Novice: 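Please read through the structure below; I'll follow up with questions.
Numbering of residues begins at 1 and proceeds along the displayed sequence. Keep in mind that this is a model prediction, so the values were computed, not measured.
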Amino acid sequence: MKKTWWKEAVVYQIYPRSFMDSNGDGIGDIQGIIQKLDYLKELGIDVIWLSPVYQSPNDDNGYDISDYQAIMSEFGTMEDFDQLLKEAHDRNIRIMMDLVVNHTSDEHAWFQDARSSLDHEKRDFYIWRKPKEDGSEPTNWGAAFGGSAWEFDDHTKEYYLHLFSKKQPDLNWENPALRQSIYKMMRWWLDKGVDGFRMDVINFISKDQRYPDGEVAEGHHYGDGSPYYLSGPRIHEFLQEMNQEVLSKYDVITVGEMPGVNTEQAKLYTADERHELNMVFHFEHVDLGNGRYGKWTPGEWKLSEMKKIFSKWQLELEQEGWNSLYWSNHDQPRAVSRFANASEEYRVVSAKMLATCLHMMKGTPYIYQGEEIGMTNVAFEDIQSYRDIETLNAYKDYTQDGRLSHDSIMDAIYQRSRDNARTPVQWSGEAHAGFTTGTPWVEVNPNYRHINAEAVVHDPTSIFYYYKKLIQLRKQYEIIVYGEYKLLAEKDEQVFAYTRQWKDQTLLVITSFTEDQATFILPDHMSFSSLSLLISNYQVTETEKKQILLRPYEARVYLLG
């Protein structure tokens, strides 16, 4: 097992719009991030993953980029960014940029040129197709944010592909000049001193050039084009070229967001000898409970299913490749609301349990802003209070045609909307949670008065200091980073327990996912002479030898000698 700094690191994701506002305009900004660097240093994280700060008209909150080498004016200036980079590096914190190169904004100069005429040299930077004979779209594919994946351009009388919003036209990676333009931009950022890239939907960049129609599932209006763009025919060629031309020349961290990726594909993307990426984000565990209309019809999920998913990824990537570990991000609901218990009684203890379960696995852990203080989902009463394009479009699409009632889609939004993760970070009990002196771009979660960073940093028993200890343990014990994983009590629907093995050491991790008392029985084959408690979310006075009774959402980690 090759040792590297990014395997040993802990990453903290910042969604700038919602992190900290320094100038009172209601929008988080780069100076706001700089103000909070000491807070992050205290937590102990090694890398900041910075969601997009590039110039953007904000159709999809910065994931629609109009200039890759300029900073969004709402966030500040390039001088502010340079200061952030320097101040982070001064604290031994690296910066990983968000790289969005499956698509741009339709306001990007490339697209403005491309749509200006059929024979412009940038025309082929994007994916254009003629209408069918009846004037309809080239294929029946649906877009991720609703509607067709094709938009007609009146000026040139052709359709362009957009897998997301119509203001996010897909780039044509078949064009070598386009690829070189992207590599040049990446080198520009790396030469500036950034430390790597999180790559947005990077497994979408190679499309099947036949562009066939997709299968239309029952109850859906559009075909599923994903078999023709997920991990497409030239994806490995493109990523290897990117690595050879750019990434291999710098000491960087790379992670590819890859919807639909499986473990066999992940090994191809992340194995050392293939020279592509360090790790990928998969979606299997966060898709648990998805129903007929995906997350908009959420259902129950079983702990045994979750254990099966995590264990598959742990075991399949044991010898080659590397895992990224996360519960939530800017596209997912709050972890404690989604996978544990956000009630007043159990929020703190169950948030610590989730952190334990994840951070003791093999892989690089990711903390999403606010996770370290136990922020929860929000339930705005009115659809107008939501800001996320995906949420607003889904509400409109599903209620207009009667597929879902107002009440059922609102219930799904409360559970799974991306805006759950995007309410401002709760810094204090002051107005607007201390996030801004102005009017926040999206409402603050009303529970900020008792859930906030100011409260937790003054409480040594808080979730914040629990995360800090988990991060410290990771730096202290190689077994947490490199040890082999083995699942215990596979079919137990209350307890998620596993071991990590490294040299002559064994780590035993026991986590309860229930508010009922649970029992964990040590397997007969596990023998040890000493038992040392490394961390727990309850006071543990003495350790039972064979049968451990677990309190609601209890977590314990033992080092066995």
Side-chain angles (χ1 to χ4, degrees), residues 1-11 46 203 231 236 239 243 253-258 260-288 303-327 354-366 470-471 473-492 495-511 522-523 525-528 534 557-560:
M1 173 61 63
K2 185 180 171 186
K3 294 181 181 179
T4 63
W5 67 263
W6 47 264
K7 289 177 181 174
E8 298 167 10
V10 175
V11 183
D46 305 285
N203 63 329
S231 298
H236 295 291
L239 288 178
N243 190 295
I253 177 173
T254 56
V255 54
E257 181 199 29
M258 296 196 175
V261 71
N262 60 38
T263 50
E264 286 306 308
Q265 292 167 329
K267 283 191 275 191
L268 297 177
Y269 287 120
T270 64
D272 282 345
E273 69 278 3
R274 290 183 56 82
H275 305 293
E276 296 186 24
L277 302 175
N278 296 154
M279 53 193 136
V280 302
F281 286 133
H282 73 84
F283 287 72
E284 288 192 42
H285 63 304
V286 294
D287 285 343
L288 279 171
L303 184 62
S304 55
E305 294 171 345
M306 178 191 280
K307 292 194 284 191
K308 189 175 180 182
I309 291 166
F310 271 112
S311 299
K312 175 180 68 176
W313 281 85
Q314 287 284 299
L315 298 171
E316 290 288 315
L317 272 64
E318 186 98 80
Q319 300 304 325
E320 52 183 331
W322 191 254
N323 273 294
S324 55
L325 307 169
Y326 75 99
W327 286 123
L354 284 179
T356 312
C357 185
L358 193 81
H359 281 244
M360 289 294 146
M361 288 189 201
K362 188 174 184 176
T364 299
Y366 289 73
L470 285 170
I471 294 168
L473 287 170
R474 184 178 183 78
K475 293 179 178 2
Q476 189 178 346
Y477 293 97
E478 278 192 332
I479 188 172
I480 298 173
V481 180
Y482 297 109
E484 292 188 352
Y485 167 99
K486 185 176 182 183
L487 180 66
L488 304 174
E490 182 183 348
K491 293 183 171 57
D492 195 312
V495 177
F496 192 162
Y498 57 88
T499 58
R500 302 287 306 283
Q501 198 80 36
W502 178 251
K503 297 177 180 173
D504 58 348
Q505 288 185 322
T506 301
L507 202 68
L508 172 61
V509 182
I510 310 165
T511 57
L522 274 164
H525 65 79
M526 282 190 70
S527 59
F528 51 90
L534 292 189
V557 180
Y558 291 105
L559 192 62
L560 310 184

Novice: Tell me whether Lys7 at atom NZ has more than 12 heavy atoms from other residues, nucleotides or ligands lying less than 6.0 Å away.
Specialist: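 Atom NZ in Lys7 is crowded, with more than 12 foreign heavy atoms closer than 6.0 Å.
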Novice: Quiz question: by atom type and distance under 3.5 Å, do the side chains of Trp322 and Thr364 form a donor-acceptor pair?
Specialist: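 Judged by distance alone, the side chains do pair up.
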Novice: Can you find a heavy atom in the side chain of Phe528 that is under 4.5 Å from one in the side chain of Leu522?
Specialist: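 Answer yes - side chains close enough.
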Novice: Tell me whether Lys312 contacts the main-chain N or O of Asn262 through its side chain, where contact means a donor paired with an acceptor under 3.5 Å.
Specialist: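 Not at all, since once roles are kept as given, no pair shorter than 3.5 Å links the two residues.
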Novice: Return the CD to CD distance between Glu276 and Glu273, rounded to the nearest 0.5 Å.
Specialist: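 Output value for this atom pair is 10.0 Å.
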Novice: Return yes if some donor-acceptor pair links the side-chain N/O of Lys307 with the main-chain N/O of Ala497 below 3.5 Å, else return no.
Specialist: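 Pair absent, no side-chain N/O of Lys307 close to backbone of Ala497.
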Novice: Does Ile253 reach the side chain of Met279, with side-chain heavy atoms less than 4.5 Å apart?
Specialist: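 SC-SC contact between Ile253 and Met279 confirmed.
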Novice: Applying side-chain contact (heavy atoms from CB on, under 4.5 Å) to Met361 and Trp313, what does each step give before you reach the verdict?
Specialist: CA-CA 11 Å; Met361 288 189 201; Trp313 281 85; over 6 Å; no
Novice: Rounded to the nearest 0.5 Å, what's the gap from CG on Asp287 to NE2 on His282? Could you check?
Specialist: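 Separation between the atoms: 10.0 Å.
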Novice: Is Glu8 paired with Lys3 through a side-chain N to carboxylate O contact shorter than 4.0 Å?
Specialist: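 Looking at Glu8 together with Lys3, the answer is no, because their closest N to O distance does not fall below 4.0 Å.
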Novice: Answer yes or no: is there a donor N or O on one side and an acceptor on the other, between the side chain of Asn278 and the main chain of Thr254, under 3.5 Å?
Specialist: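 Yes, because the side chain of Asn278 sits within donor-acceptor range (under 3.5 Å) of the backbone of Thr254.
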Novice: Can you name the nearest heavy-atom pair linking Leu288 to Glu305, along with the distance?
Specialist: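 Shortest heavy-atom contact: CD2-OE1, 3.6 Å.
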Novice: Sequence neighbours left out, what passes side-chain hydrogen bond (donor to acceptor under 3.5 Å, both in side chains) with Gln501? Give chain and number order.
Specialist: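 Result, side-chain hydrogen bond (donor to acceptor under 3.5 Å, both in side chains) vs Gln501: Thr506.
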Novice: If you define the side chain from C-beta out and look only at heavy atoms, does anything of Leu487 sit under 4.5 Å from Phe496?
Specialist: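 They are in side-chain contact.
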Novice: Give the minimum heavy-atom separation between Ser231 and Tyr269, together with the two atoms involved.
Specialist: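 Scanning both residues, the minimum pair turns out to be OG-OH, 2.7 Å.
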Novice: Supply the atom-to-atom distance His275 NE2 to Leu239 CG, rounded to the nearest 0.5 angstrom.
Specialist: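 Answer rounded to 0.5 Å: 13.5 Å.
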Novice: Does the side-chain contact (heavy atoms from CB on, under 4.5 Å) test come out yes or no for Asp492 and Leu303, once each step is laid out?
Specialist: CA-CA 8 Å; Asp492 195 312; Leu303 184 62; 5.6 Å; no
Novice: Are side-chain heavy atoms of Leu560 and Met526 found at a separation under 4.5 Å?
Specialist: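 They are in side-chain contact.
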Novice: Quick one, Met360 with Thr511, criterion side-chain contact (heavy atoms from CB on, under 4.5 Å). Give me CA distance, side-chain angles, the key distance, then yes/no.
Specialist: CA-CA 11 Å; Met360 289 294 146; Thr511 57; over 6 Å; no
Novice: What residues form a side chain to side chain contact (heavy atoms under 4.5 Å, CB included) with Lys486, not counting sequence neighbours?
Specialist: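 With neighbours one apart ignored, the set is Thr499, His525.
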Novice: To the nearest 0.5 Å, what is the distance between CD1 on Ile309 and OG1 on Thr263?
Specialist: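 Interatomic distance, Ile309 CD1 to Thr263 OG1, rounded to 0.5 Å: 11.5 Å.
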Novice: Is any side-chain heavy atom of Val481 closer than 4.5 Å to a side-chain heavy atom of Trp502?
Specialist: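 Sidechains of Trp502 and Val481: no contact.
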Novice: Would Tyr498 and Ser311 count as having a side-chain donor-acceptor pair, cut-off 3.5 Å?
Specialist: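 Judged by distance alone, the side chains do not pair up.
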Novice: Among Tyr326, Phe281, Trp327, find the residue that satisfies the ring-ring contact (aromatic ring centres under 6.0 Å, His included) test when tested with Tyr366.
Specialist: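 Per the ring-ring contact (aromatic ring centres under 6.0 Å, His included) rule, the option paired with Tyr366 is Phe281, out of Tyr326, Phe281, Trp327.
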Novice: Any heavy-atom pair between the side chains of Glu320 and Arg274 that's under 4.5 Å?
Specialist: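 When only atoms from C-beta onward are counted, Glu320 and Arg274 do not touch, as no gap falls below 4.5 Å.
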Novice: To the nearest 0.5 Å, what is the distance between CG on Leu508 and CG on Leu488?
Specialist: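 CG of Leu488 is found 6.5 Å from CG of Leu508.
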Novice: Of all heavy-atom pairs between Ala355 and Leu470, which one has the smallest distance, and what is that distance?
Specialist: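 Here Ala355 and Leu470 meet closest at CB-CD1, 3.5 Å.
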Novice: Any heavy-atom pair between the side chains of Leu325 and Gln314 that's under 4.5 Å?
Specialist: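 They are in contact (side-chain heavy atoms under 4.5 Å apart), so the answer is yes.
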Novice: Locate the shortest heavy-atom distance separating Leu534 from Leu473; write the atom from each residue and the value.
Specialist: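 Shortest heavy-atom contact: O-CD1, 4.1 Å.
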Novice: If only atom types and distance count, is the side chain of Ser304 paired as donor or acceptor with the main-chain N or O of Lys491 below 3.5 Å?
Specialist: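 No, the answer is negative, given that no donor and acceptor are paired below the 3.5 Å cut-off.
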Novice: Roughly how far, to the nearest 0.5 Å, is the OG1 atom of Thr270 from the CE atom of Met258?
Specialist: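 OG1 of Thr270 is found 9.0 Å from CE of Met258.
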Novice: Is a donor on one side and an acceptor on the other found under 3.5 Å between the side chain of Arg500 and the backbone of Leu507?
Specialist: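 Not a single qualifying donor-acceptor pair exists.
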Novice: Return the minimal non-hydrogen interatomic distance between Arg474 and His359, and the atom names on each side.
Specialist: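 What the structure gives for the nearest pair is NH1-O, 3.8 Å.
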Novice: So which atom in Asn323 and which in Leu317 form the shortest heavy-atom distance, rounded to 0.1 Å?
Specialist: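 Heavy-atom minimum between the residues: ND2-CB, 3.7 Å.
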Novice: Atom CD of residue position Glu318 - does it have more than 12 heavy atoms of other residues, nucleotides or ligands inside 6.0 Å?
Specialist: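 Count over threshold, so yes.
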